[in-house]
Amino acid sequence: GAVVSQHPSRVICKSGTSVKIECRSLDFQATTMFWYRQFPKQSLMLMATSNEGSKATYEQGVEKDKFLINHASLTLSTLTVTSAHPEDSSFYICSVGGGGDTQYFGPGTRLTVL
Amino acid sequence: DQQVKQNSPSLSVQEGRISILNCDYTNSMFDYFLWYKKYPAEGPTFLISISSIKDKNEDGRFTVFLNKSAKHLSLHIVPSQPGDSAVYFCAASAHTSGTYKYIFGTGTRLKVLA
């Protein structure tokens with residue numbers, strides 16, 4: 001399957017700062033990448049679909065001005081959490097899709113906002 | 001509205017026996033169903049999937065059964081091994097706006113006892 005990396009693996013920041021998370025598809029050219037968030041002991045929730053060369057599609061309830069997504073190439077998508085607050089602390093995971101029956105996930109990024 | 005449900009938050013099974021993880025869904029338009037295994041602070045690892053037009057798919061120790069009339073699927077692991085201990089998520093995918101979107105259940109924590 002596709003190999004997906006994320007950087008950083010964990011980040012701690014102060015409230016009010018912005019944090020950028022990178023998602024790279026190492027061996028798969030991804031026109032579409034997905035960003036998920038998982039709170040402790042909860043399910044993975046799709047935040048947005050990242051489209052190469054165009055605007056991301058956000059799920060209902062996700063603030064697009066707070067979670068900025070850029071998909072500038074077929075191998076890189078970035079998620080920037082702007083003006084982060086403690087309630088944004090979560091595990092953020094990206095994935096690339098091979099079709100309806102396959103999706104490959106990155107290792108995730110643990111964000112802690114103090 | 002939880003479209004994909006895993007009603008058992010946890011399951012304990014003796015090593016060598018069968019593990020059966022269950023998942024229910026409400027949307028009859030899902031095209032594929034998938035099972036993922038997840039360890040803490042890591043991204044999900046794809047295990048097995050099944051198309052909505054099939055009722056069984058097998059891959060080694062893993063078999064997924066789909067009962068469309070009951071909107072129910074299950075993952076069977078035989079024989080269970082201690083290394084199978086993890087959280088298992090079922091997911092369903094549907095083709096929406098030109099791409100496949102995935103909806104995840106809340107997960108079942110499997111513990112295989114040696």
Side-chain angles (χ1 to χ4, degrees), chain A residues 1-11 21 23-25 30-52 54-61 71 90-112, chain B residues 1-10 21 23-25 27 29-54 57 59 64 66 73 86-109:
Chain A
V3 179
V4 182
S5 70
Q6 279 183 243
H7 178 79
S9 58
R10 60 175 60 215
V11 56
I21 302 170
C23 176
R24 291 184 185 274
S25 175
T31 55
T32 304
M33 292 185 178
F34 303 90
W35 285 97
Y36 292 83
R37 179 168 57 184
Q38 184 188 24
F39 291 108
K41 297 187 179 180
Q42 293 190 24
S43 183
L44 283 78
M45 299 298 295
L46 178 65
M47 298 175 65
T49 303
S50 170
N51 304 300
E52 189 264 338
S54 64
K55 291 182 180 179
T57 305
Y58 290 83
E59 295 301 301
Q60 193 173 8
H71 192 155
S90 187
F91 192 59
Y92 292 85
I93 313 173
C94 69
S95 71
V96 302
D101 62 342
T102 314
Q103 199 168 100
Y104 300 100
F105 287 83
T109 297
R110 169 73 61 193
L111 171 63
T112 302
Chain B
D1 176 30
Q2 190 74 26
Q3 295 189 58
V4 179
K5 299 178 186 178
Q6 292 176 258
N7 292 317
S8 298
S10 63
L21 298 119
C23 181
D24 297 295
Y25 62 96
N27 188 347
M29 300 303 291
F30 287 130
D31 298 301
Y32 295 94
F33 302 91
L34 307 91
W35 285 95
Y36 285 86
K37 177 180 176 180
K38 187 179 183 300
Y39 295 111
E42 292 185 14
T45 301
F46 172 74
L47 285 175
I48 192 169
S49 64
I50 187 168
S51 163
S52 61
I53 62 173
K54 303 237 170 137
N57 188 26
D59 184 1
V64 56
L66 176 62
L73 65 151
V87 177
Y88 288 77
F89 288 94
C90 76
S93 70
H95 199 258
T96 307
S97 302
T99 189
Y100 279 97
K101 287 190 177 178
Y102 287 62
I103 298 175
F104 283 80
T106 50
T108 297
R109 181 176 301 278

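Naming: A, B, ... by sequence-line order, numbering from 1 per chain.
The number of heavy-atom neighbours closer than 6.0 Å to NE2 of A:H7, taken from other residues, nucleotides and ligands shown, is 12 or below. Within 6.0 Å of CZ in A:R110 there are more than 12 heavy atoms belonging to other residues, nucleotides or ligands.
Within the 4.5 Å cutoff, the side chain of B:K101 has heavy atoms near those of the A:L46 side chain.
Interface remark: A:L44 contributes backbone and side-chain atoms alike to the contact with chain B (heavy atom separation under 4.5 Å). In this structure, chain B has a heavy atom under 4.5 Å from the side chain of A:Q38, while its backbone stays farther away.
With sequence neighbours left out, the ring-ring contact (aromatic ring centres under 6.0 Å, His included) criterion links A:F105 to A:Y36, B:Y36, B:F104.
Without hydrogens or angle criteria, A:S43 side chain to B:G105 main chain gives a donor-acceptor distance under 3.5 Å.
Contact between B:L34 and A:T102 at its shortest, heavy atoms only, is CD2-N, 3.9 Å.
Listed options B:P44, B:G43, B:A94 were ranked by heavy-atom pairs under 4.5 angstrom with chain A; first place goes to B:P44.
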